[in-house]
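For this chain, numbers begin at 1 and follow the sequence in order.
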Amino acid sequence: MHNKITCIPYKDFMDEFLPEVQPPRPLPEGPTKTVVSSIKSRLRLRNKAGARPAASIAKAEPPLPPSPFKGMRAATTEKDMYTKITEALNATDPCPGFRFVPTPHKGDHSADTKQAVDCGMYPTEAAKKLKIEESDTFGWTAWSWVEIAIECKMNAVNDDPFDEDLEGHEPNAETRRHVLGQILSYAEYVFNHQQRMFQYMLLFLGDCARIVRIDRAGIFATKKFSYKKLYGGRIAQFLQRYAALFPTGRGHDPTAVRLDWKSDDAKMMLARVRDVDDDDYAAALFKKQLREDWPWWKLEVADELTGQTQRYLVGKPHFQAPGVAGRATRGYVALEADPEEGQEARFVYLKDSWRAVSDDIDKEGAVLQELGQHAIRFVPTLVCHGDILGQQTRTQEVWPKYHKGQECALKTHRHYRLVVAEVGKPLEEFSNGRELVEAFLCCVKAHSQAYQHDIIHRDISAGNMLLYKRPGDSAWTGLLNDWELSKHVEQREEGGRQPDRTGTWQFLSVNALNDHTKPIDIQDELESFFHVLLYICIRFLHHNLDDKSVPQFMRDYFDDFTPNVAGYRCGSRKHQVITSGALDLWAYHKKAKERLHFLWAPKSNDSSPSLMHPLDEVITTLLSWFGAYYTLTEQQSELPHEPPEDRGEPLELSPAIAWIIEDEARKEKQDAMADLDNRLSSLSTEAPKEDTRHASREELKQLAASLDTHQPMVQLLLKALLRMRWPESDRCSKDLEPKNWKAKVGQVGKSVQAAKAAKGSTKRSKGSKTPGQSLKVSASTETKVSTGSKRRSRAAGNTEAGLSTKRRKC
């Protein structure tokens, strides 16, 4: 949450976000129209939470209501605070219809970490559902029901998550950053389990308190005030005004209806997946999301294409981006709520996000519509999309009032929903190397087609490349997904319209990481494709890198960074591999000069063929192109084995590959199969020179020219698929990168940990601002999936969200 926190006086906070509602006045005499207009006017004022009060409202601060804490004995421990504060609030009932419950030790069963907030304000009607009885000392945290999360700390200074003496009000002290990480994690749980536009929190810090408002653009908090001796009435006033608001004014999304388990919609959801076919991937995934410990919803999409409102039924999100601020993307396998008469409700993929509003970035649905008009293959098919009326962040609007003379770097985020027809599965669920490369080729081809129509994706990543089986096909093909950061080529500006980098750190090109103002071009995108291919292959295929060294290699190559006075730059390992054009294993292998190569079977299998794996030529050739492109100087690359064996028999082509061959032939006005062999043979079958340091500049230029268009990469992948023999079972039985792996002190990747420690963060995913832990260097925050992938959790995120545990967008 870096540079997104502002602390302001209590009265300013209330005027901005919870203005006083005028007492009712007698209805004016006159026509019915005048009476109705007057009523509507008052309702608008009542529900305009976040707007400044009308001029007619008194400017002077009204008298505060009695303090709920008058006569409350001083708490001697934090545990004592839980009971005393909630008892005092329940006794005075400042918030009718709600109940305050201490929940410090009992985490929500639906949350992976079982993390619990100290106390919470819950709707009274939810008490029985939460099994909170009057005799209980402590209740269970229920993230899907908590209205306001409450955190208690004994020390008013050392445990304060905000520092009013520092610019940006973000603390430097380690213990205070730890508390900031805690409250951000609680806010994240509330956002994840509910459909909220914004939320409030209460912080009790010794004898002081703060009221906090959080939306997807940032945080506003009151300055610290004494709630026990002087200003306890402020808490009561806040709660009274809060309780008087309609749910929309309290931050609840009116276009999301929570379903009762016994409702007709819930019964329809269960009936649709009662007998799931093993091959029905979408139905199986939807069934998995219908968890009883997670709320089910009916979501509305105001379709910009037809002007009609479409409704969809969803369970637990299939994907949920980490973090509080930013796009906060959630992906659902959804079921049509209102299928056409006589038709079975179909499964679709619904993407819910808070998109960054920018004049030069189109809505993703508009991009998909344009791609569809151009008949681009291997991209999602748009069903409907649209912004949700009236749901836009306010933090960036209020921020300039309290930062006079400063440029506001906060983004405006608007709630947006997109529905596409395809439900895909993660790329990492491929069955063997050949299927992986086929899917990879489809995605490169999709990118090529879009680029021919002046659209560049700008966020090639593992989570944005999916496997999808077209109706009637038996083979899985690739689907290039998530076009929300795409632009028309002419929209890219030299000098960087946005001062930060757009993309996903682990897969950005070396040039993009080293120059945050550089417009993304075709060479950057092709390099990102290479990084994705390497990322998947290292994790799931057999190779000569020792299994125990895989996590360290992944950390060094994909997550590492180099500190720089201008910000963070590319890690040394990725930079060395790409600019040299060779992937040596000297830091991870007993043999100092051994290069990476892939195996047909596990290393322990002595019967494994001595043939080179087809991927070796693909990786080696691509590296030679990148090495030449970057430096046109000292390059090294070699093949570890004898040349690959020719297939010797015709290959049965999948429909996707057959179409790509036909399309490539049309470009060259050639017969598809008659001249295919000649065209593939035109690609060099020789390995790049063993030592290219003495190669002529013209030779290096020729290699680098292979990155000027998509065609050389497309043909290289076709050659690998059609001319080479592939193993049937080269996939490992497990992911070689453990989820919770940590680098040992002294290992190659320790720079990441050192940088993190220097920033004073005590939690890996809370409050860090370093790439590899919390990486966001972009205008847009984390997101992923429009049609189906869940990205691995490990070391990425975004500085803007300040809260990420997954490889996310920068």
* For the pair D160 and K153, find out whether any cationic side-chain nitrogen is under 4.0 Å from an anionic carboxylate oxygen. => no

* To do: Indicate yes or no: at least one non-hydrogen side-chain atom of Y82 is less than 4.5 angstrom from one of F204.
  => no

* Step-by-step side-chain contact (heavy atoms from CB on, under 4.5 Å) determination, I219 to K4 -> CA-CA 6 Å; I219 291 177; K4 294 177 179 292; over 6 Å; no

* Asked: Does any N or O in the side chain of Q289 come within less than 3.5 Å of the main-chain N or O of K316, such that one atom is a donor and the other an acceptor?
  -> yes

* Asked: Under the 6.0 Å and 45° cation-pi test, does R210 pair with F162?
  -> no

* Consider only side-chain N and O atoms of Y402 and E16, and report whether a donor and an acceptor are under 3.5 Å apart. => yes

* Examine F17 together with F13 and report whether their ring centres are nearer than 6.0 Å. => yes

* Sidechain N-carboxylate O distance under 4.0 Å for E147, R250 -> yes

* Asked: Just by modelled atom types, is the W399 backbone N or O under 3.5 Å from a matching donor or acceptor in the H403 side chain?
  -> yes

* To do: Work out which heavy atom in F286 is nearest to a heavy atom in L313; give both atom names and the distance.
  => CE1-O, 3.6 Å

* To do: Measure the CG-CG distance between L180 and D163 for me, rounded to the nearest 0.5 Å.
  => 11.0 Å

* Asked: More than 12 heavy atoms of other residues, nucleotides or ligands under 6.0 Å from CG of L270: is that the case?
  -> yes

* Structure fact -> For C152 and D118 the tightest heavy-atom approach is N-OD2, 2.9 Å

* Asked: Which value, rounded to the nearest 0.5 Å, describes the distance between C7 atom SG and D165 atom CG?
  -> 10.5 Å

* Asked: Is it true that a side-chain atom of Q194 and a backbone atom of W143 form a donor plus acceptor pair closer than 3.5 Å?
  -> yes

* Asked: Side chains of T395 and D215: donor-acceptor distance under 3.5 Å anywhere?
  -> yes

* **CD/E167: more than 12 non-hydrogen atoms of other groups inside 6.0 Å** => no

* Do L89 and M121 pass the side-chain contact (heavy atoms from CB on, under 4.5 Å) test, and can you show the C-alpha distance, the side-chain angles, and the key distance before you say yes or no? -> CA-CA 10 Å; L89 290 171; M121 185 178 87; over 6 Å; no

* So, E170 and H2: side-chain donor and acceptor under 3.5 Å apart, yes or no? -> yes

* Structure fact -> In terms of heavy-atom contacts, W354 and H415 come closest through CE3-N, 3.5 Å

* Asked: Taking C-beta and beyond as the side chain, do V273 and L290 meet within less than 4.5 Å on heavy atoms?
  -> yes

* Check the side chains of Q320 and H193 for a donor-acceptor pair under 3.5 angstrom, ignoring hydrogens and angles. => no

* Side chain to side chain, V314 and M269, heavy atoms closer than 4.5 Å -> no

* Side chains of T103 and T141, donor plus acceptor under 3.5 Å -> yes

* Step-by-step side-chain contact (heavy atoms from CB on, under 4.5 Å) determination, L350 to L418 -> CA-CA 6 Å; L350 188 152; L418 165 77; over 6 Å; no

* Test item: M81 and M154 side chains (from C-beta on) under 4.5 Å apart, heavy atoms -> yes

* Compare all side-chain heavy atoms of V101 with those of C119 and state whether any distance is below 4.5 angstrom. => no

* To do: Before giving the answer on side-chain contact (heavy atoms from CB on, under 4.5 Å), spell out for V157 and R176 the whole-Å C-alpha distance, their side-chain angles and the decisive distance to 0.1 Å.
  => CA-CA 8 Å; V157 177; R176 299 177 75 167; 4.3 Å; yes

* For the ring pair Y332 and Y349, is the centre-to-centre distance below 6.0 Å? -> no

* Quick one: does NZ or CZ of R216 land under 6.0 Å from the six-membered ring centre of F191, within 45 degrees of the ring axis? -> yes

* Measure across A256 and R417 and return the closest heavy-atom pair with its distance rounded to 0.1 Å. => CB-NH2, 4.4 Å

* Distance (rounded to the nearest 0.5 Å) between L410 CG and T393 OG1 -> 8.5 Å

* Asked: Do Q392 and T412 have side-chain atoms, one donor and one acceptor, less than 3.5 Å apart?
  -> no

* Locate the shortest heavy-atom distance separating P104 from A116; write the atom from each residue and the value. => O-CB, 3.7 Å

* **Side-chain donor or acceptor of T255 paired with backbone N/O of E300 under 3.5 Å** => no

* Any donor-acceptor N or O pair under 3.5 Å, side chains Y416, Q391 -> no

* Asked: Are the charged groups of R196 and D253 less than 4.0 angstrom apart, N to O?
  -> no

* With a 4.5 Å heavy-atom cut-off, do S185 and Q115 have their side chains touching? -> yes

* F238/Y200 aromatic ring centres below 6.0 Å -> yes

* Within the side chain of N90, is there an N or O that forms a donor-acceptor pair under 3.5 Å with the backbone of T86? -> yes

* To do: Answer yes or no: are there more than 12 heavy-atom neighbours, outside K79 itself, under 6.0 Å from its atom NZ?
  => no

* So Y231 and Y10, ring-ring contact (aromatic ring centres under 6.0 Å, His included) or not? Walk me through it. -> CA-CA 10 Å; Y231 300 111; Y10 169 81; 8.3 Å; no

* To do: Report yes or no: do S263 and D265 form a side-chain donor-acceptor pair below 3.5 Å?
  => no

* Asked: Do E188 side-chain atoms and G323 backbone N/O form a donor-acceptor pair below 3.5 Å?
  -> yes

* Asked: Are F98 and Y122 close enough that their ring centres sit under 6.0 Å apart?
  -> no

* Side-chain donor or acceptor of Y227 paired with backbone N/O of G206 under 3.5 Å -> yes

* Please report the shortest heavy-atom distance between I148 and L202, naming the atom on each side. => CG2-N, 4.0 Å

* **Backbone N/O of A221 and side chain of R213: donor-acceptor pair under 3.5 Å** => no

* Asked: How many angstroms lie between CD1 in I183 and CG in L203, if you round to the nearest 0.5 Å?
  -> 5.0 Å

* Contact check, side chains of E151 and P161, non-hydrogen atoms, under 4.5 Å -> no

* Taking the six-membered ring of W296 as reference, does the NZ or CZ atom of R291 fall below 6.0 Å from its centre and within a 45° cone about the axis? -> no

* Check for a donor-acceptor pair, side chain of T309 on one end and backbone N or O of V301 on the other, with a separation under 3.5 Å. => no

* **Side chains of R241 and E20 in contact at under 4.5 Å (non-hydrogen atoms)** => yes

* Would you give the length of the straight line joining atom CD of E78 to atom CG of N155, rounded to the nearest 0.5 angstrom? => 10.5 Å

* Ignoring hydrogens and geometry, is there a side-chain-to-backbone donor-acceptor pair from K224 to A156 under 3.5 Å? -> yes

* Asked: Which value, rounded to the nearest 0.5 Å, describes the distance between K267 atom NZ and D260 atom CG?
  -> 9.5 Å

